Number of protein chains: 4
Amino acid sequence: MSAGIAIDPDGRVPASGDKRRLLLDAAVRVFARKGYHACRVADIAAEAGVAHGLLYHYFESKEEVLQTVFRETWSAFLEAVRSVEQAEASAREQLRKVTALVLRSWRDDPDLVRVLVREVARSPQVEREVEEIDEAQRAFQRIVERGQESGEFRRELDPRLTAAVVYGALEEILTGWVLRQLPDGDEDVARAESCVVAVVCNGLLA
Amino acid sequence: MSAGIAIDPDGRVPASGDKRRLLLDAAVRVFARKGYHACRVADIAAEAGVAHGLLYHYFESKEEVLQTVFRETWSAFLEAVRSVEQAEASAREQLRKVTALVLRSWRDDPDLVRVLVREVARSPQVEREVEEIDEAQRAFQRIVERGQESGEFRRELDPRLTAAVVYGALEEILTGWVLRQLPDGDEDVARAESCVVAVVCNGLLA
Amino acid sequence: MSAGIAIDPDGRVPASGDKRRLLLDAAVRVFARKGYHACRVADIAAEAGVAHGLLYHYFESKEEVLQTVFRETWSAFLEAVRSVEQAEASAREQLRKVTALVLRSWRDDPDLVRVLVREVARSPQVEREVEEIDEAQRAFQRIVERGQESGEFRRELDPRLTAAVVYGALEEILTGWVLRQLPDGDEDVARAESCVVAVVCNGLLA
Amino acid sequence: MSAGIAIDPDGRVPASGDKRRLLLDAAVRVFARKGYHACRVADIAAEAGVAHGLLYHYFESKEEVLQTVFRETWSAFLEAVRSVEQAEASAREQLRKVTALVLRSWRDDPDLVRVLVREVARSPQVEREVEEIDEAQRAFQRIVERGQESGEFRRELDPRLTAAVVYGALEEILTGWVLRQLPDGDEDVARAESCVVAVVCNGLLA
DNA sequence: GATGAATGAGATTTCATTCAT
DNA sequence: AATGAATGAAATCTCATTCAT
């Protein structure tokens, strides 16, 4: 459950005594189901099976719960992106890997993706997290820049904007799945992966 | 003000007696400044310079105000996209026009764009508007499809996904401006326009 | 309609231009349907087919509408009771006539009875009308007293309390009809009439 | 306080920690003083000396408070009426006991009687409680019927209507006390008791 | 007389947060 | 650590009443 948030060092299911983890996982499910604003602290506690006062033992506020969900997820994501960056591979291959990283998260933990897409990506309460979100786009940007330096990519394109294009494309496809506008079977996910890479690298022109 | 929402038949500023319009414009400014959830109905009324009870004369609820802002804006946007679709032009040129349409809205009415990007694009309360948002992507999809039929675009790419890629790219650039991650001077907007079209049509590869 | 409230001097239907009457009749229907507190001034106006501002042309407030309904009805009722009092008849016959007067109002104007029973008889807002309600019981009391003086009725009973007993019995039967606890066909009404008189005059004992 | 609502098993005053009871008792006092509609939830809380939010910990709404007052009182009353029914006694004696039960409640808890008479007995919001109110009249009806079967009472009177007559008489006398139309000293209460029984059983006729 | 847009006091209700136990 | 009763700020929404037209 919520593998993307945190994995026990030994890979085992977290001890049931870990109420903090229990609350975070419950929060993701509840936020996914009802939305951050529409759910109450009591809903999270009920989902976790604890008294709602306990939430304040582990978190400062309801908002901090959302921020924690975001930060724990995002730092794991950034780390994964960085290891793609550092692996020896063509820029195109790196873009493919990052694309896969993002899009496969949907199958791994749809509730978490739903929360990130709907509650965190752009909502006002996350204006402060902009820095961390930006960090991801900068990684994308570095991949583009390295591609340009090596001659693999065209140099006339602004790497910052290009990174935004790629990032936006990925986020939109996740959104399509969250909002059920796009089919999301295993094959569909694979097809989406190739499509993004194909468009971005080769362009639409025949 | 809020040119995107509604334009007087004669192009003049709406009569100041139109309190409904006054409230909608005020709501856009307040939503942009504080966010939908953080602002109170009283803030909207104060911004409009009317008693807050009047809001309920014209709208059922605070939420209906947001929905109205969205719907009025979106239908104008859809209409604009449709006229691009119907104009004689290459698929690439159509994509460029649509890109311009979206990106220039930022200079025309940044408050409105801010609201749409942050409050409407993905928030839970807009799950019901999905149909209308989807309608825009379908227009994009039709442009891609026509490009494929004419031989201008490659046929092996899924038009639905490609539309999502383009749409997501545009939305992300607007988001970058909203969140001040990207520079948004007049030249920057023009550069963004070319960049999106260049990436999407010609690809990154050298 | 609402014959009990006011009858045109000539017995004709009030001119449709008489908006005051229109509003009072509408108010009775709306109060009967939704209750005084649950209905809004706008409901009354809508039922009357006029703008709600007009109500304030004829009445000081919503409460005054209810008071007017009560007062107009009640003074007609008191007058009718007084003519029974003054007619030559045995005390028993007078009680019968008064009973008939009260119980038959249900068939004449059930909406009006419903309003009087539910909104006026005991609600706090009518505490001030006590005097007028009391007036009715005093008429009953005088009938009892005259019956005692003439030797028709037993003298050991307190006339004030006896009047309350009779009055309460009548009100309760109306209430039974209002709340649909008692059958209210024509025959049922006649039977109720005899029952009240029989119990009160002859008693239950065999 | 509010002995009629609930009595501690040991007959002692409820523990002051029982905030629910505190709120119910406070509500009775406030409803009696200002009326249900004229009082605010904040008044009840202030009277109880707790924060008004606490009321919503124990009750769904202000209306549920009134309903609870009614239901708890009424079920105690119904139980008392039933034990009178089951006790060996003549029908007349049973009527006397029930009469005493009702009329003495005024001395026991005038605030509670005031609330029941004014807010519950007939107000629209209690239309749903009709069933429970009816239950009381049915008990009265059974007493009359048993009196008829044993030959103590005349058989030609409708027991349902007769029950309404008795019930209405009692309610009206309570109302007289509530509205200060009738004297309510200890002797007056005793006299009212005899008067009702005398009228109903022996009739007015000399 | 007649309209209905406009006002704004005020009420209920919600719910994040605290804290005694 | 854990509970959940208690708090109270705050927000939406209602609706009687006013008044310019």
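All values reported here derive from a predicted model rather than from experimental measurement. Just so we're on the same page: letters track the sequence lines, and every chain starts at 1.
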> Which letter, B, S or -, goes with each nucleotide of nucleotides 7-12 of chain E from 5' to 3', with contact meaning a protein heavy atom under 4.0 Å?
Replying inline: BBBBSS

>> Expressed as a whole number of angstroms, how long is the span from I44(A):CD1 to dA16(E):P?
In response: 8 Å

>> Check the orientation of F31(D) and Y36(D). Use parallel for under 30°, tilted for 30 to 60°, and perpendicular for over 60°.
In response: perpendicular

> Atom CZ of F59(A) to atom C1' of dA1(F): distance rounded to whole Å?
Replying inline: 15 Å

> Would you call R33(A) and R114(A) a side-chain contact if the rule is heavy atoms closer than 4.5 Å?
Replying inline: no

>> Among V28(A), D18(A), V50(A), V65(A), exactly one meets side-chain contact (heavy atoms from CB on, under 4.5 Å) together with L23(A). Which residue is that?
In response: V50(A)

>> With heavy-atom distances below 4.5 Å as the criterion, would you say the side chains of F70(C) and I133(C) are in contact?
In response: yes

> To the nearest angstrom, how far is R20(B) atom CZ from dA6(E) atom P?
Replying inline: 13 Å

>> Looking at dA20(F), which nucleotide sits across from it as a Watson-Crick or G-U wobble partner, both distances under 3.5 angstrom, or is there none?
In response: dT3(E)

> Can you check the D43(B) CG to dA11(F) P distance for me, whole Å?
Replying inline: 8 Å

> What is the distance from atom CG of D25(D) to atom CG of L112(D), rounded to the nearest 0.5 Å?
Replying inline: 9.5 Å

> Between Y58(A) and dA1(F), does any side-chain N or O lie under 4.0 Å from OP1 or OP2?
Replying inline: yes

> Is it true that a side-chain atom of R118(C) and a backbone atom of A32(C) form a donor plus acceptor pair closer than 3.5 Å?
Replying inline: yes

> In Watson-Crick or G-U wobble terms, both distances under 3.5 Å, what is the partner of dA11(E)?
Replying inline: dT12(F)

